[in-house]
Amino acid sequence: MQKIFLLCLGTVLSVNSLDAVQPTSYMQQVDQEKATFTLPPLPYAYDALEPFFDARTMDIHHNRHHATYVNNLNKSIAGTKWQSNTLLELFSAASTLPAAVRNNAGGHWNHSFYWSILKSAKDNPGMSQKMQAEIEKYFGSVDAFKALFKKTGLERLGSGWTWLIRTNNGALQVISTPNQDNPLMDTNEVRGTPLLVCDVWEHAYYLKYLNKRDDFLDAFWNVVNWQQVEDIK
Ligand code: MN3
């Protein structure tokens, strides 16, 4: 009896240790990495965000799109003066980077961050009252914030990202960046700490939502990991 219990416990512990990739340390690892950069595993299963984000899209998005940015980043910095920098160091010098380094470094970090702030809709507590109060302070209401975030995502012509950031004076702001730019780059008009992001490139939603970016942006709220957003310093 005791042996069976211990075996069961061992199974539970080993499963938990595999699943317990904490998003904060996930981004700490990404932020500290230098070449050769590697594709971090998703911090959950490919089907974890169903039915809102489908498993096939997540698989292709991670294994092909994100992986391509990592591979091309390594190629673009190999043998250059950029080959021993962290992603954050590259972003602070974005205005001086070759386009391939800037785009692929952004592509790697933005996707890693995106994975880190998503979570299954099951057992998802949503935002805390403290976060709700802060959003109300800056946007009037949670609905007004979500409407602004969606509008900003819909207005991005072509490909890019929609962000909630904390600006350097501590305020919350919704912004959009084109291509693989992000609010950490010195090229960005408004800079700040990313708290939340949605990928509005067509590859992020086309298999399930076709051309309906608005439906995808509505579905996004079901899989936001607000606990992780609120832990970002
Ligand atoms: Mn993408």
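This is a predicted model, so every value here is computed, not measured. Ligands are counted one by one from 1 in listed order, and the atoms in each one are counted from 1 as well.
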Distance-only side-chain donor-acceptor flag, Trp201 / Asn179, under 3.5 Å: no
Name of whichever N/O/S atom of Asp199 is nearest to the Mn ion (ligand 1): OD2
Aromatic plane relationship, His62 with Tyr46 - under 30° parallel, 30 to 60° tilted, over 60° perpendicular: tilted
His61 near the Mn ion (ligand 1) via N/O/S, less than 2.8 Å: yes
Contacts of type side-chain hydrogen bond (donor to acceptor under 3.5 Å, both in side chains), residue Asn104, not counting sequence neighbours: none
salt_bridge(Lys146, Asp218) N-O dist < 4.0 Å: no
Minimum-distance N/O/S atom that His203 presents toward the Mn ion (ligand 1): NE2
